Number of protein chains: 2
Amino acid sequence: MTTTYTGPAPADFTDVRATNLAVVLDYVRTNAPCSRADIAASTGLNKATVSSLVGELIERRLLRETGMTERRIGRPATMIVLDGAPYAAIGLDVGTDQLTVIAVDLGGEHLLAWRRAFTGRGATPGRSVAAIAALARRALGRLADQGRQVLGLTVGVGGLVDPDGVVRIATGLDWRDVPLRDSLVRALGAPDYPVTVDNSANLAVLAEHRYGPYAGTPDLAYLTSGPGVSAGIVAGGRLLRGAGGYAGEIGHFVVDPGGPECSCGRRGCLEAVAGVGALIRRLAGTEPAGDLEPEVAGIVRRARAQEPKTLAALHEAGRHLGHGASLLANLVNPSVVILGGHYVPLAPWILPTAGEALDTLVVAPQPPGAGLVASALGHDAAAVGGAAAVLDAVEAGRLPLPTA
Amino acid sequence: MTTTYTGPAPADFTDVRATNLAVVLDYVRTNAPCSRADIAASTGLNKATVSSLVGELIERRLLRETGMTERRIGRPATMIVLDGAPYAAIGLDVGTDQLTVIAVDLGGEHLLAWRRAFTGRGATPGRSVAAIAALARRALGRLADQGRQVLGLTVGVGGLVDPDGVVRIATGLDWRDVPLRDSLVRALGAPDYPVTVDNSANLAVLAEHRYGPYAGTPDLAYLTSGPGVSAGIVAGGRLLRGAGGYAGEIGHFVVDPGGPECSCGRRGCLEAVAGVGALIRRLAGTEPAGDLEPEVAGIVRRARAQEPKTLAALHEAGRHLGHGASLLANLVNPSVVILGGHYVPLAPWILPTAGEALDTLVVAPQPPGAGLVASALGHDAAAVGGAAAVLDAVEAGRLPLPTA
DNA sequence: TCCTTTTGTTTGTAGATCCAACAAAACTGT
DNA sequence: ACAGTTTTGTTGGATCTACAAACAAAAGGA
């Protein structure tokens, strides 16, 4: 007899324990090194409870005591830090022209960061999946050599990804309905850690939410461009996924009905007027294929040289991007909209006009410092975000087994 | 010593209890009448635990046993239902031309539904607040006569409302920075139940989420028009508020750059091309002031008579509205976008073109039945949503005191 | 009349937090 | 040098809650 009740889930002692373990873990992550007394005072948990929680986390090798102590009056505190050694979280980003894999420990320290050339478009999905799995296996091997237990692997793809890890549409890769998660699970031999697939922009905003200058801000939006334009949104402290997992599709929002033609058949989509691919097409005259980075570097060079045509194109793209950002700002009201991906090197020329457009189009009163900023995390944001997603899951209660 | 830690909140036994009380309450609400055994079987809670929880809820007069029993083999069950008598939740919507107050019991049964003419524009905010308070007092008096305890009062306003209940901007009322919540609390004599203020569209989508045909769907968007156009979004089962509480501002999204002028100074805002106010201006030729309902009724009459100009205008408004809805669909990916407010009577002529526009503009694969629908809740949605907000708070743990 | 079935309570157990008291380990002052 | 102060972290007991299993209650069926 299957129950069809889908309302709120009942709670239980293990939930209380899991919640409080996560609270302690989160506190140590953001305030390390700290003492048990600090944790108790700041979180409101009882000292005895904190001792018990810290004890369990040490036993599970998530935390570690250091010999460090502060020179103060009173009994010296035994300081607690995250235990960097035993675990690793892996994020892997599938770009059109390269694969990026990043592994971090609990504290966010990079354990490895590899890039590999990759021909996303042109190869069959099967070959691409094999290449992705091969890179993942290499990273897994390295981490196994270090004696680390893998907490999870999250793969980012620029496209529509459903909750089962099937890539519905990824124009940059020419993929349709590719069951990436299942394929990877099979290729990696049905590992015991969770393997998930998500949209790259979703992962990038998770990276910002955990490691960026606005870390912990409950409402963030992230706007990025590979070949297309896509948004990731954190609202109320959680990733906004939507009913099918397809939230954040801003690329085909029409900002300029008379503008250039878009790959979707319409005219003046945000992607077509302010996407990095479109910028390259307009400024370099070449069809953007393969690695976009040198092309972007070329644009930066010409902008630095004050080339009028380049500056004008960037300013106009900025205006349109500000228009797109205003949509996010008005609909979701984030504390800040972060520009990422290839926009970051172009930010000095894009941001002024984009910020101006945003300010005139946003309805709500904006606190000072709100608005539009460039990401400080660099190109690996999506891969880092994949690792962040794994750590989010761990902190949400999926703790690794004790001494497993 | 103020703690500055803002991470996840520690849990406690009382949280477990509150959660499980809410689970039982929610189950009975959606499955009444039901027995203790039903609850245990469906929620997974232990029979003994359910007995304890139901006992407490009966003691607090939120549930009630009925004599009813089912004729089956085995010991007959004592059926449980929501206790309709002791409590009331009040929602009050402030329109430009009328006030609506609704009171419901725990089960959503309407206890009263009053409308009153109201001159929002023109009167000073002080006078308007006095009128709102007067209507609330009348409703409170009626409920007190019935011996009901008030669980809360939520007031909806069409405009930007910050988390403290200050109405930052409400163009329909000509308000700026009106501290409505504080004023009401004072006018009602600092009552012991919570008084809150929220955006009308936010409340309307809460009403849909609780009482509409899509009740319980975790991702919903609501698009409504008074004089302006505004959206309310439920994402991941929770209302999307944003950093400042200003989410859902879709009215000044530019859908037609060459279109008619908008009150905001730009051209072709969604509000200016598809707002009900703009429709009236175009079709009736009159400046929409005061009650919009008869004007809308006039448009419906002319549409029924197949008047070409009216039909064309509605179809065009529908196209633009579909464009606006596509933004919501692409950015937030709700299961469905619900058209509310004055759009409901116009839906037969708006929906076809709007749905068509939406379908061509939405990027994500849509499951059948998704898309655009007209609200089934009627004009009182925002007021009902105010009451729903109160009940949400109760079910989130703010249970009334036992025998208070 | 006895058995079966289902309901709801009772009784005891386990787990987790909290409180208060205490022990431990430093610094401080005479 | 030594007691007093201050802060840390642990220990034992009380409390609260959910759970499991046995049991009592109330019907229908044979």
Side-chain angles (χ1 to χ4, degrees), chain A residues 1 8-24 27-28 31 33-60 63-80 397 399 402, chain B residues 1 8-24 27-28 31 33-60 63-80 397 399 402:
Chain A
M1 173 159 41
D12 150 330
F13 296 115
T14 60
D15 296 309
V16 175
R17 187 68 172 178
T19 302
N20 290 340
L21 286 169
V23 166
V24 171
Y27 184 85
V28 174
N31 297 77
C34 59
S35 70
R36 291 170 172 83
D38 291 338
I39 300 171
S42 295
T43 63
L45 287 163
N46 190 277
K47 282 196 298 175
T49 308
V50 170
S51 270
S52 160
L53 292 165
V54 167
E56 180 169 346
L57 289 171
I58 287 176
E59 200 176 328
R60 292 184 183 226
L63 297 184
R64 186 165 53 82
E65 289 186 348
T66 70
M68 285 182 54
T69 165
E70 291 178 17
R71 299 202 154 273
R72 269 183 317 179
I73 195 172
R75 170 174 168 177
T78 55
M79 304 308 271
I80 310 280
L399 294 184
Chain B
M1 177 158 44
D12 183 333
F13 296 118
T14 59
D15 297 307
V16 176
R17 189 68 172 178
T19 302
N20 290 340
L21 286 168
V23 167
V24 171
Y27 184 86
V28 175
N31 298 76
C34 58
S35 70
R36 291 170 172 82
D38 292 337
I39 300 171
S42 295
T43 62
L45 287 163
N46 188 279
K47 281 196 299 175
T49 307
V50 170
S51 269
S52 160
L53 292 165
V54 167
E56 179 170 346
L57 289 171
I58 288 176
E59 200 175 328
R60 292 185 185 228
L63 298 183
R64 186 166 52 86
E65 288 186 347
T66 71
M68 287 181 52
T69 168
E70 292 178 16
R71 301 203 153 271
R72 268 181 319 180
I73 194 172
R75 170 175 168 177
T78 55
M79 304 308 270
I80 311 280
L399 295 183

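Quick caveat, the model's predicted, so the values are computed rather than measured. Letters go in sequence order (proteins before strands), and every chain restarts at 1.
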Just by protein heavy atoms under 4.0 Å, how would nucleotides 25-30 of chain D read 5' to 3' in B, S and -?
BBBS--
Stretch residues 45-54 of chain B: residues that reach within less than 4.0 Å of DNA chain C through a heavy atom:
Lys47(B), Ala48(B), Ser51(B)
Protein-nucleotide distance ([X], atom [atom1]; [N], atom [atom2]), rounded to Å:
X        : N       : atom1 : atom2 : result
Asp15(B) : dT17(D) : CG    : P     : 11 Å
Met79(A) : dT7(D)  : CE    : C1'   : 13 Å
Ile39(B) : dC19(D) : CD1   : C1'   : 17 Å

Report the C-alpha distance between Val24(B) and Thr43(B) in whole Å, list the side-chain angles of each, state the deciding distance to 0.1 Å, and finish with yes or no for side-chain contact (heavy atoms from CB on, under 4.5 Å).
CA-CA 8 Å; Val24(B) 171; Thr43(B) 62; 5.9 Å; no
Name the atoms and distances for all side-chain donor-acceptor pairs under 3.5 Å in residues 10-19 of chain A, with sequence neighbours left out.
unit_1	atom_1	unit_2	atom_2	d
Asp12(A)	OD1	Thr14(A)	N	2.7
Asp12(A)	OD1	Thr14(A)	OG1	2.9
Asp15(A)	OD2	Asp12(A)	N	2.9
Arg17(A)	NE	Glu56(A)	OE1	3.0
Arg17(A)	NH1	Ser52(A)	OG	3.1
Arg17(A)	NH2	Ser52(A)	O	3.4
Arg17(A)	NH2	Ser52(A)	OG	2.8
Arg17(A)	NH2	Glu56(A)	OE1	2.9
Thr19(A)	OG1	Asp15(A)	O	2.7

How would you label the contact of Ser35(B) with the nucleic acid (heavy atoms, under 4.0 Å): base, sugar-phosphate, or nothing?
sugar-phosphate
Tell me which of Ala11(A) and Arg36(A) sits closer to the 5' end of DNA chain D, going by the nucleotide each one is nearest to.
Arg36(A)
Which pair of non-hydrogen atoms, one from [X] and one from [Y], has the smallest distance, and what is that distance?
X        : Y        : answer
Leu45(B) : Val23(B) : CD1-CG1, 4.4 Å
Cys34(A) : Val28(A) : SG-CG2, 4.0 Å
Ile80(A) : Glu65(A) : CD1-CG, 4.0 Å
Ile58(B) : Arg64(B) : CG1-N, 4.4 Å

How long is the straight-line distance from CD1 of Ile39(A) back to CG of Asn20(A), given to the nearest 0.5 Å?
12.0 Å
Counting only side-chain nitrogens and oxygens, does Asn20(B) get under 4.0 Å of the OP1 or OP2 atom of dT17(D)?
no
Residues forming a side-chain contact (heavy atoms from CB on, under 4.5 Å) with Ser35(A), sequence neighbours excluded:
Ala37(A), Asp38(A), Ala77(A), Met79(A)
Who pairs with Asn46(B) by side-chain contact (heavy atoms from CB on, under 4.5 Å), at least two apart in sequence or on another chain?
Ala48(B), Thr49(B)
Could you tell me from which nucleotide to which nucleotide of DNA chain C, 5' to 3', there is an atom under 4.0 Å from chain B heavy atoms?
dT5(C) to dT17(C)
